[in-house]
Amino acid sequence: MSYLPHILITDALIYFLLVLVVGFAVYASRHEHLRAPWRQVFNRPLAVAALMVLSVYISIGLADSVHLRERISDTGADRADMEAQYSHQVISLLDIFLGSLRQHSEKTYSMPFATHAFSMETVIGQDGSVRREHPRLLYGGAHLKDISKRGQDIAVKTVTGILVGLIAWLLFAVLIIKVVAVRTHMAAGALWLRIKRGDTRFPWRSALSTGAVISAIVSALIVLSGNYHVLGTDQVGNDVLYKSLKSIRTGLLIGTLTTLVMLPFAVSLGIMAGYLRGWVDDVIQYTYTTLSSIPGVLLIAAAILSLQVYMTANPEQFTTVAERSDMRLLFLCIILGGTSWTGLCRLMRGETLKLREVDYIQAAVALGVPTRKIMLRHIFPNVMHIVLISVVLDFSGLVLAEAVLSYVGVGVDPAMDSWGNMINGARLEMAREPMVWWSLSAAFVFMFGLVLSANLFSDAVRDAFDPRLRKR
Amino acid sequence: MTAYIVRRILYAIPILLGVNILTFALFFVVNSPDDMARVHLGVKRVTPEAIDNWKSEHGYDRPLLFNSKEAGLEKITDTIFFQHSARLFVFDFGQSDDGRDIGYDISQRMWASLAIALPTFIVGVLINITFALLLAFFRGSLFDISGVILCVILMSISGLFYIIGGQYLLSKLWHLVPISGYDSGVNALKFLVLPVIIGVIGGIGAGTRLYRTFYLEEINKDYVRTARAKGLSELQVLFRHVLKNAMIPILTGVVVVIPLLFIGSLIMESFFGIPGLGSYTIDAINSQDFAIVRAMVFLGSVLYILGLVLTDISYTLVDPRVRLN
């Protein structure tokens, strides 16, 4: 089967961001003054563990950001003279990995690990009798011949999954230890003992054990989700695990693209205001005071309302559902950026005000370095730590904001998979009797994992890069 | 002092003008009144007459900024900008899109918002200050570390989950308080308990952690060492010296939100069915009532700027080093 790549705008921005991050990593690794604080970050066990969890989220999000359109192969043999036909449905690399999870949709709600639907249905038996019963699910536990063995089957599968995951990780860990041992000129056994005691500079013990836990969970999920809906199904019968995984991209995008969008403005305007002073300073200060005096949610609501009106008025510009929701997501990022750049801009201005009186700037001025060059070469690198700190600190707040905004009705497109939309839907589900709790719980667990690890990691970054904290 | 306050208020005017122009641009320039009418009337069965009708009913049939048909001053006053945006300056909010007087609605609804927001705010700040003091007292100990980690965990949970979880536990499972609703007078009390508790718990993580850093910043200063050196006990140092000085950064964050308590919390009020300004705004967003959203944006900015002024004034009251000039 062949595919045609299909790049959404947000995808392109994500690739751009990825290039930036990799570029920065390479740059930082070559400069000692940047390498030192990062080393400090990576020496914290909690930060390393958080980063490993984050990287799982990020890789899922990245896999979900490679979009493809499937080739429609109706005739079997492709003829060279025929132009290939591609489906209009845009799927991602993640969808291909999760093939069965995406396609195994039931009719409606079912509990996690259920074999039968959650609600009763009227079934007409073979002898014409009418009964009310929970119908058997199409996929959930369909392989079971004897339903009473379900518990046993789940236990066996879970244990198998965990064991496979652990063994795979063990092999990987052994490989890593060997490599590290060779590179540090240590016997592998001695290194292993030191790792076990937690007596290494890089917190190998916490890294390896976090990896083991992640690997066990992932592999257990893979084994189980082939035969069950591990987190149940939602109202239209879609697998909740699949939805939660798809929501990761939305959350990450909101958290990162917002920053990417606002960063150029916040940094350049902040530095300009602080360095140039005078009327430039007045105008920029006025702009951000005005923007920040509007309560954020209200400004976002007003802007999204305007966008909705625009989209209703110009439907021809948004052809596919994916493009429509993608546009809305991007716009949401831009607005969120518009409301959140003011804080960073103020910080930049304050720091630049301090920096412009420092000796090396004064020396540059005296040597006749052009103003633009001073700002770019001398001030910008010296405010980077503030940018970095605020970027990582903002991330988790933005992920949380997405949920609230979607709930208010001004978040991402209702058709898009997002934790906010899942929580929003859960309002009605909670009112049902008996309650449908699994969508909400799934959104909770996935969001909590991302935000907590982002918070822990960003704390470490702040502690390492903030010079005020470094002194103590 | 009076001169300072007057100057601050004068300084607020250009900012409010900016807010006004911004909302005007968002609502009338990005989308013409025609588009708004189409959204309101539904896209399918819309006729040009219906649009014109809707526009003249709501006063959107004027030119945007300059009316060349009228004479004299009317050229400027008989425009959408003047009639719908500039009037907000004298708190004349006009009518909502379904014909209700917004100013009256606001004056009726803000008390319900305040009834939730004020107790949440006061109890929340007191609890945060206490917990942070406790952590700062035991700083560096296992208690402190686990407290901070607990704060980070609490911070990592979306506010929506606190609300849903609280409603489930206290109302659905234990039947202690009604799940949502509101009543007038003393009867409102039983409806207020749950939102206030949830509001306080939801804010503990971030608040406690922030205040703890304020205390720790003060604790490392010289005057604290002097206080210890002259033989004060750690408790006396904390309460008499550190707490007082840490109040200055705490005030920055606290005073600025006091005026905003009037417009309440969007999420809380819509979850608990409280007829305050927050739910008013959410309803307006959902029914795409632009007049109300515009009014609330303006009101919110006015209150925020008021909060900034109050913050500056409170500085002079608590910190004798700050002189207003």
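In what follows, every chain begins at residue 1, and chains take the letters A, B, ... in the order their sequences are listed. These numbers come from the heavy atoms of this one structure, side chains and all, not from hydrogens, waters or symmetry mates.
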Segment of [X] engaging chain A (4.5 angstrom heavy-atom cut-off):
X	value
B:S270	both
B:I305	side chain
B:I285	both
B:F298	neither
B:I282	side chain
B:V152	both

Of all residues at least two apart in sequence or in a different chain, which pass the salt bridge (charged side-chain N to carboxylate O under 4.0 Å, His left out) check with B:R8? B:D312
Roughly how far, to the nearest 0.5 Å, is [atom2] of [Y] from [atom1] of [X]?
X	Y	atom1	atom2	value
A:Y286	B:L17	OH	CG	5.5 Å
B:S156	A:L450	OG	CG	9.5 Å
A:W437	B:I164	CH2	CD1	15.0 Å
B:S301	A:I294	OG	CD1	5.0 Å
A:S293	B:L16	OG	CG	7.0 Å

Between chain A and each of [options], count heavy-atom pairs under 4.5 Å; write down the option with the most.
options	value
B:I267, B:T23, B:V302	B:I267
B:I149, B:V297, B:I263, B:V293	B:V297
B:G159, B:A284, B:P14	B:P14

Out of A:D459, A:T289, A:V410, A:V297, return the one with the most heavy atom pairs under 4.5 angstrom to chain B.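 Ranked by heavy-atom pairs under 4.5 Å with chain B, first place is A:D459.
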Any idea which heavy atoms bring B:M155 and A:L400 closest together, and the distance? O-CD1, 3.6 Å
Indicate yes or no: at least one non-hydrogen side-chain atom of B:L22 is less than 4.5 angstrom from one of A:L299. yes
Interface moiety of A:L291 toward chain B, non-hydrogen atoms closer than 4.5 Å: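 Only the side chain of A:L291 comes within 4.5 Å of chain B.
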With sequence neighbours left out, what residues match A:F444 under ring-ring contact (aromatic ring centres under 6.0 Å, His included)?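 By the ring-ring contact (aromatic ring centres under 6.0 Å, His included) rule, A:F444 matches A:F448, B:F161.
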More than 12 heavy atoms of other groups within 6.0 Å of B:L173 CG: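 Result for CG/B:L173: enclosed.
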